[in-house]
Amino acid sequence: HYYITNNLSHVVNCTQGSTASPHCYKGPRMSNKPTFWKHSDVKQPGSIKRVSSQENQTDHMLKKNTRKPRQSGDDDEDKFVEFNNKTEDAWLDDSQTDLEFSINPVETAGMGLSKMNIHPSLPRDLKVSKNYQKRGNRPHLLPRQLSSPQYPTSDIYIPPRTASSSAGISTPSDWTSEGVAESRHSTAMNKEDKHRAKFEEILQSDCPDLENLKKRTWFGCPSYQRPIVWQMLSGYLPPNVARRNDTLNRKRGEYWRFVAQFFKTRHDPDFSSLYHQIHIDIPRTNPAIALFQHMKVQEAFERILYIWAYRNPGSGYVQGINDLVTPFYVVFLGQYVEGEVETADISHLTDETLANTEADTYWCLSKLLDNLHDNYTFAQPGIQMKVHDLRRLVNRMDGVLDEHLERNVVEYLQFSFRWMNNLLMREMPLRRTIRLWDTYLSEPNGFSHFHLYVCAKFLTKWAKVIKSLPDFQAIMLFLQSLPTSRWTDDDIAELVSEAFQLKCLFPKAVTAVAGTT
């Protein structure tokens, strides 16, 4: 305080014409420079006088700033009124005047400035002396026009709070954990409502734009809109509203004609082994979910898988395809039941409802498997190639992890075969798989190409834990029971976002199988 006050008094003394000292400010005189005020050409009342260096600086300034009782007949009031009239236009807002403060270009040449705009609410401008860097980075402030004590020195004047003004205003002490959680929940709900509104806007069109729909579905689809969205993105349901009913009736009728024609052959010697394999795999499909243990559901799965294998003899049925049925069936059945579909009682549903759900599931599953045909032909070349690509990709992402797996004789085929064959369905809860498939259906070649990048990020996500495991057995036990039971949709969103970044970095990581595109 002493340092600044002493220098202020010294500078003011120099500008008032006193004998200049060797350290006195050498700039132009104050009276020759443009001032902050538009019309101020008179001396301002309350200007700072020189302070003797032999007196206590703080006490002296306090005494000077203390107002004396006004005497009758004193002309200070007239001077202040005159000064106020001269300068009242300085406090006009921006809509009334364009208030600018000009600085001598010679003075500001070193800063590369010729004009500086000062906000009207600032009481005065402060200039930094040229000795700024020479004196310990402590600026010497040279006041042009010093404000009276009643104006604040900060940029924003905050009036003192009163009981009436503070009523209804929250303070940090009011920000409890419950309030913060409620605020975050409200924000999340607003985003979700906007997300749903965008879907409704798209789907209300007579012919929705599929590209726009994919962009929205990539980030997740609302559950009640998912059936129609999945059917359109799978290529099963036409976007044109006028054609939908005819298409659904025709495709559903076609499926049941296949059932009537082919399902009766399941006991023939040529197909009995096929049916037997399907029959024993169905009860193993997500045994922890009550819906899949219902007799009507298991019979529907048998028909779906048998008809598909019968009509695709090149690949036939392979263990793991039974898992791919479940997401479609749960999504399409969800439009007819309330609450959680996995625990719903379907005994009250009509036969027509169950038949339509079964037919829709069959056709969407067929569309999916058409893009994964190489995964289920003889020797499964599609899966083997993807496992090979996964190792190459992980080696480039995290070479230390790849070396750790190799050092402990862990082959990628031993753990990632199931990831490719079942599309990670056995590695995470069914609900998380459904969210993942929102992105797969929106991404070009989502199930065949983008899935590789998801698997790569899925593996490197656990890299720190895997590197800490000492041997083959510990690593394999961990990879076969990954801790994803408590994952949420946010975890899936993070996974696919990182996978997309990886795809942009390594766009040619997927090797095409010979004879395929």
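This structure is a prediction, so every number in the text was calculated from the model and none was measured.
- Under the 3.5 Å distance criterion, the side-chain polar atoms of S442 are matched with a main-chain donor or acceptor of W218.
- The pair E358-R252 does not meet the salt-bridge criterion, since no charged nitrogen lies less than 4.0 angstrom from a carboxylate oxygen.
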Notebook entry, point to check: Could you go step by step and tell me if E254 and K251 meet the salt bridge (charged side-chain N to carboxylate O under 4.0 Å, His left out) rule?
Noted result: CA-CA 5 Å; E254 187 177 356; K251 300 297 287 186; 3.8 Å; yes
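- For the residue pair T460 and K457, the shortest heavy atom distance occurs at OG1-O, 3.2 Å.
- Side chains of T343 and L291 form no contact here, defined as non-hydrogen atoms less than 4.5 Å apart.
- No side-chain heavy atom of V330 sits under 4.5 Å from any side-chain heavy atom of I289.
- A salt bridge between R432 and D490 is absent, with no side-chain N of the basic residue lying under 4.0 Å from a carboxylate O of the acidic one.
- For T353 (side chain) and L349 (main-chain N/O), no donor-acceptor pair under 3.5 Å exists by modelled atom type.
- A distance-only check finds no donor-acceptor pair linking the side chain of Y306 to the backbone of V259 [under 3.5 Å].
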Next item on the list: Would you check, one step at a time, whether the test salt bridge (charged side-chain N to carboxylate O under 4.0 Å, His left out) holds for D398 with K467?
Entry: CA-CA 11 Å; D398 192 339; K467 293 174 186 177; 3.0 Å; yes
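- Of the N and O atoms on the side chains of D402 and Y412, at least one donor lies less than 3.5 Å from an acceptor on the other residue.
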Next item on the list: Let me see the working for T357 and D360 under side chain to side chain donor-acceptor pair (under 3.5 Å), right down to the final yes or no.
Entry: CA-CA 5 Å; T357 302; D360 296 342; 5.9 Å; no
Next item on the list: Kindly determine whether D374 and M385 satisfy side-chain contact (heavy atoms from CB on, under 4.5 Å), including the steps that lead there.
Entry: CA-CA 10 Å; D374 295 314; M385 189 60 68; over 6 Å; no
Item checked: Full working for side-chain contact (heavy atoms from CB on, under 4.5 Å) between K214 and L441 -> CA-CA 8 Å; K214 288 179 181 179; L441 288 167; over 6 Å; no
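- Summarising the geometry, atom CG belonging to L459 is positioned 5.0 Å from atom CD1 belonging to I466; distances are rounded to the nearest 0.5 Å.
- Ring pair F458/W419: centre-to-centre distance below 6.0 Å.
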Notebook entry, point to check: Does the ring-ring contact (aromatic ring centres under 6.0 Å, His included) test come out yes or no for F328 and W230, once each step is laid out?
Noted result: CA-CA 8 Å; F328 289 116; W230 276 27; 5.7 Å; yes
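- Between E342 and R431, at least one side-chain N (NZ, or NE/NH1/NH2) sits under 4.0 Å from a carboxylate O, which counts as a salt bridge.
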Margin query: What verdict does the ring-ring contact (aromatic ring centres under 6.0 Å, His included) test give for F500 and Y453, after you've listed the backbone C-alpha separation in whole Å, the side-chain angles of each residue and the deciding distance to 0.1 Å?
Written below: CA-CA 7 Å; F500 183 80; Y453 299 100; 9.5 Å; no
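- A salt bridge is defined here as a Lys NZ or Arg NE, NH1 or NH2 lying under 4.0 Å from an Asp or Glu carboxylate O, and E427 with R418 meets this definition.
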Next item on the list: Take H404 and V400 through the test side-chain contact (heavy atoms from CB on, under 4.5 Å) and record every step on the way to the result.
Entry: CA-CA 6 Å; H404 182 72; V400 177; 5.6 Å; no
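- Tested against Y362, the residues Y329, W308, Y236, W256 include a single side-chain contact (heavy atoms from CB on, under 4.5 Å) partner, W308.
- In this structure a side-chain-to-backbone donor-acceptor pair under 3.5 Å is present from Q384 to A379.
- Between the side chain of Q335 and the main chain of F332, a donor-acceptor pair closer than 3.5 Å is present.
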Item checked: Working for ring-ring contact (aromatic ring centres under 6.0 Å, His included), residues H279 and Y275 -> CA-CA 6 Å; H279 183 73; Y275 175 75; 5.7 Å; yes
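- Here the side chain of D491 pairs a donor or acceptor atom with the backbone of T488 at under 3.5 angstrom.
- Proximity of P222 to Q225: side-chain heavy atoms (C-beta onward) are separated by under 4.5 Å at one or more points.
- F478 and W462 have perpendicular rings, their planes meeting at more than 60° on a 0 to 90° scale where under 30° would count as parallel.
- The residue from R392, R391, K386 that alone fulfils the side chain to side chain donor-acceptor pair (under 3.5 Å) condition with D389 is R392.
- More than 12 heavy-atom neighbours from other residues, nucleotides or ligands sit within 6.0 angstrom of NZ on K461.
- In R250, the CZ atom is crowded: over 12 heavy atoms of neighbouring residues, nucleotides or ligands sit closer than 6.0 Å.
- Side-chain atoms of D438 come within 3.5 Å of backbone N or O of C221 as a donor-acceptor pair.
- Side-chain atoms of L393 and M397, non-hydrogen and from C-beta on, do get closer than 4.5 Å to each other.
- Looking only at distances, no side-chain donor or acceptor of D370 sits under 3.5 Å from a matching main-chain atom of L368.
- Taking the side chain as every heavy atom from C-beta outward, R266 and E302 never approach each other to under 4.5 Å.
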Checklist line | Chi angles and distances behind the side-chain contact (heavy atoms from CB on, under 4.5 Å) call for N375, Q380 | finding: CA-CA 5 Å; N375 287 11; Q380 298 180 279; 5.5 Å; no
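- Nearest heavy-atom pair across K367 and G235 is CE-O, 3.7 Å.
- Residue P238 comes nearest to T247 through the heavy atom pair CG-OG1, 3.5 Å, listed as atom of the first residue, atom of the second, then distance.
- When each of V241, D246, N240 is tested with R244 by the rule side-chain contact (heavy atoms from CB on, under 4.5 Å), just one qualifies, namely V241.
- By the 6.0 Å contact criterion, CZ on R216 is open, its count of non-hydrogen atoms from other residues, nucleotides or ligands being 12 or less.
- In the displayed structure, Q480 atom CD is contacted under 6.0 Å by more than 12 heavy atoms of other residues, nucleotides or ligands.
- To the nearest 0.5 Å, atoms CG (L479) and OG (S481) are separated by 8.5 Å.
- In this structure, V229 and L203 have side chains that are in contact, with non-hydrogen atoms separated by less than 4.5 Å.
- E299 has no carboxylate O lying under 4.0 Å from a charged side-chain N of K296, or vice versa, which leaves the two without a salt bridge.
- F219 is not listed as a side-chain neighbour of T439, based on a closest heavy-atom distance of 4.5 Å or more.
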Item checked: side chain to side chain donor-acceptor pair (under 3.5 Å) between N408 and D471, worked out -> CA-CA 6 Å; N408 289 278; D471 52 27; over 6 Å; no
Checklist line | Candidate pair D281 and Y317, rule side chain to side chain donor-acceptor pair (under 3.5 Å), full reasoning | finding: CA-CA 11 Å; D281 282 350; Y317 172 76; 2.8 Å; yes
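- For the atom pair CG of N356 and CD of E352, the computed distance is 5.5 Å after rounding to the nearest 0.5 Å.
- Listed for the H348 side chain is a donor-acceptor partner under 3.5 Å among the backbone atoms of D345.
- In this structure, D206 places its CG atom where only 12 or fewer heavy-atom neighbours from other residues, nucleotides or ligands lie under 6.0 Å away.
- Looking only at distances, a side-chain donor or acceptor of T265 sits under 3.5 Å from a matching main-chain atom of F262.
- Looking only at side-chain heavy atoms (C-beta outward), T433 and L424 stay at 4.5 Å or farther from each other.
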